[in-house]
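All values derive from a computational prediction rather than experimental measurement. Just so you know, residue 1 is the first one in the sequence shown, and it goes up from there.
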Amino acid sequence: MIDMSAQEPGKVQQQAEAALAPTLLAVVGSVAGTLVTVALDKSPTVKLIGAALGAAIPPLIAAAGRFSRLRLAGGVVVAVLALLLTYVGFTVPEAALGLPATFPVPTPNPTDPPKPSPTRETAGTIGKCEGQLCIEVHPAQVHCSSAQCDSAVEVTSGGKTRLRIGDIEFTGDIAERFAQTGNCEHEVLIEGEKCSITIHVEPGPGGAAQMRIHQNLKAPASVVSLEADTWTTPTTPGAPLPDFTLSAVPRCSVVPGGQISGADGLTLFVTVRNKGEGDYDHLVPFNLLSDTGLSGGGHSAFGSGSGSTGMQVDLAPDDYGMVHLFTVTVDPNDEIAEENESNNVLRLRVSLPNRPKQARDVACSLT
């Protein structure tokens with residue numbers, strides 16, 4: 001008599017080995033089918049079909065011969081198992097690493113309410129990130145009534161990359177009514193650092209404008225919406241008037257690549273004062289123009305003591321090695337009534353050397 005108990009473990013091992021081979025072949029076929037469709041840059045659905053066909057072909061081949069129905073049933077189980085292993089083997093790592101999905105991934109029912117996604121923007125705040133470079137501007141809208149605006153604007157760097165603030169300009173229907181002071185323009189902020197912009201408004205008709213804060217993001221400038229009420233300041237006959245004058249202890253400097261555009265910057269330090277009996281508690285416009293075509297402009301507060309305004313122009317490579325005669329004018333369009341309109345001009349002679357490699361003062365003098 002044959003001892004069946006002695007042969008049973010051997011049969012079990014042979015059956016396990018027999019089942020393992022087609023399973024491995026099916027998995028290999030499924031992965032191969034997937035890789036072929038990936039190489040052909042097909043859609044996720046086509047890639048899933050390729051994986052299914054690759055998993056089914058080896059079991060179908062193995063189904064030929066005796067007991068074909070039984071072999072086919074077993075082949076179907078093997079193909080499904082191989083496809084499942086392939087699907088999980090691709091989808092789980094891709095989801096964990098945030099990579100594009102190879103196979104179709106079930107999505108929530110469109111009728112289900114969308115889940116809220118995290119965002120850096122909150123009510124009243126303009127927020128934008130590009131990688132590790134982030135800017136936050138608060139508030140997003142400012143209203144001005146007469147000479148007062150309801151809030152200063154705060155700019156915050158929220159990323160590890162340094163935030164570089166460029167020019168701050170005003171656009172819109174009543175842009176000429178607005179000006180700004182503060183410590184933001186042309187500043188560089190590290191993560192968590194803040195700067196502030198104070199908005200000033202001149203008399204005029206009501207309306208809207210925008211303050212554009214240029215920065216080193218690829219996105220457009222950050223825009224703050226501005227609204228101003230109609231504000232008029234009738235002149236009382238015989239009332240004292242201001243008198244704007246310009247002075248300078250001549251100092252000029254060059255900063256290679258110092259402008260937000262990447263251009264070199266020339267700065268002339270000029271003091272604007274009011275020597276009239278009448279008060280003027282707003283910023284005053286100025287411009288500067290050289291005999292070689294360099295120009296710039298902006299708004300200035302009044303200096304006290306040794307305080308001065310840095311008036312800037314961009315420099316091109318051809319501007320070096322030359323002498324430039326600058327005319328600086330305050331209230332250039334005579335928009336503000338003054339005691340004396342003839343003393344609003346200052347002239348400076350600036351000698352530029354060859355382009356320096358770092359920031360340095362350059363020779364300048366009154367003319």
Side-chain angles (χ1 to χ4, degrees), residues 124 126 137-156 165-187 194-215 221-235 239-246 260 267-276 278-288 296-305 307-312 328-338 344:
I126 304 167
V137 181
H138 179 83
Q141 185 171 6
V142 174
H143 179 266
C144 299
S145 175
S146 69
Q148 302 296 321
C149 294
D150 56 15
S151 175
V153 174
E154 188 175 76
V155 179
T156 304
I165 307 297
D167 293 334
I168 299 174
E169 63 174 346
F170 295 90
T171 59
D173 295 338
I174 58 169
E176 69 280 357
R177 290 189 59 190
F178 293 95
Q180 63 84 26
T181 57
N183 62 341
C184 276
E185 195 167 32
H186 303 127
E187 280 295 311
K194 301 180 180 182
C195 64
S196 180
I197 303 170
T198 300
I199 301 171
H200 306 269
V201 62
E202 299 294 330
Q210 301 81 40
M211 181 173 69
R212 298 182 177 274
I213 304 170
H214 295 275
Q215 19 69 3
S222 303
V223 179
V224 176
S225 299
L226 305 176
E227 292 182 350
D229 297 336
T230 300
W231 173 35
T232 58
T233 54
T235 302
L241 297 175
D243 183 20
F244 307 142
T245 63
L246 296 169
I260 190 64
T267 303
L268 286 65
F269 294 92
V270 177
T271 300
V272 181
R273 287 193 169 92
N274 177 13
K275 291 190 174 181
D279 293 331
Y280 192 80
D281 56 357
H282 314 294
L283 299 178
V284 292
F286 70 83
N287 67 18
L288 57 164
H299 290 75
S300 173
F302 295 111
S304 58
S308 61
T309 297
M311 302 180 179
Q312 297 182 329
V328 184
T329 307
V330 67
D331 188 24
N333 298 322
D334 294 329
E335 299 171 345
I336 306 166
E338 300 179 61
N344 292 3

Donor-acceptor pair, [X] side chain versus [Y] backbone, under 3.5 Å?
{"X": "Thr230", "Y": "Pro205", "answer": "no"}
{"X": "Arg177", "Y": "Val201", "answer": "no"}
{"X": "Asn287", "Y": "Gly296", "answer": "no"}
{"X": "Asp334", "Y": "Glu338", "answer": "no"}

| message | Tell me every residue that passes side chain to side chain donor-acceptor pair (under 3.5 Å) with Ser300, counting only those two or more places apart in sequence or in another chain. | response | Thr309
| NE2/His214 to CG/Asp167 distance, rounded to the nearest 0.5 angstrom? | 6.5 Å
| query | OG1 of Thr198 to CD of Gln180: how many Å apart, nearest 0.5 Å? | reply |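 That separation rounds to 8.5 Å.
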| message | For Glu202 and His282: C-alpha separation, side-chain torsions, deciding distance, then whether side chain to side chain contact (heavy atoms under 4.5 Å, CB included) applies. | response | CA-CA 7 Å; Glu202 299 294 330; His282 314 294; 3.1 Å; yes
| task | Check whether any side-chain heavy atom of Val284 lies under 4.5 Å from a side-chain heavy atom of Phe302, and answer yes or no. | result |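 Yes - at least one pair of side-chain heavy atoms lies under 4.5 Å apart.
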| said: Is there a side chain to side chain contact (heavy atoms under 4.5 Å, CB included) between Leu226 and Gln210? Walk through the geometry before answering. | reply: CA-CA 5 Å; Leu226 305 176; Gln210 301 81 40; 6.0 Å; no
| query | Is it true that Glu169 and Arg212 make a salt bridge, defined as a side-chain N closer than 4.0 Å to a carboxylate O? | reply |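 Judged by the 4.0 Å cut-off on N to carboxylate O distance, Glu169 and Arg212 do not form a salt bridge.
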| task | Please report the C-alpha distance between Ser222 and Gln215 in whole Å, then the side-chain angles of each, then the deciding distance to 0.1 Å, and finally whether the side chain to side chain contact (heavy atoms under 4.5 Å, CB included) criterion is met. | result | CA-CA 8 Å; Ser222 303; Gln215 19 69 3; 3.3 Å; yes
| Which class fits the ring pair Phe244 and Tyr280: parallel under 30°, tilted 30 to 60°, perpendicular over 60°? | perpendicular
| Taking atom types as modelled and ignoring hydrogens, do the side chains of Glu154 and Ser196 form a donor-acceptor contact shorter than 3.5 angstrom? | no
| task | Using the side chain to side chain contact (heavy atoms under 4.5 Å, CB included) rule, take Thr329 and Leu288 through it: C-alpha gap first, then chi angles, then the decisive distance, then the call. | result | CA-CA 6 Å; Thr329 307; Leu288 57 164; over 6 Å; no
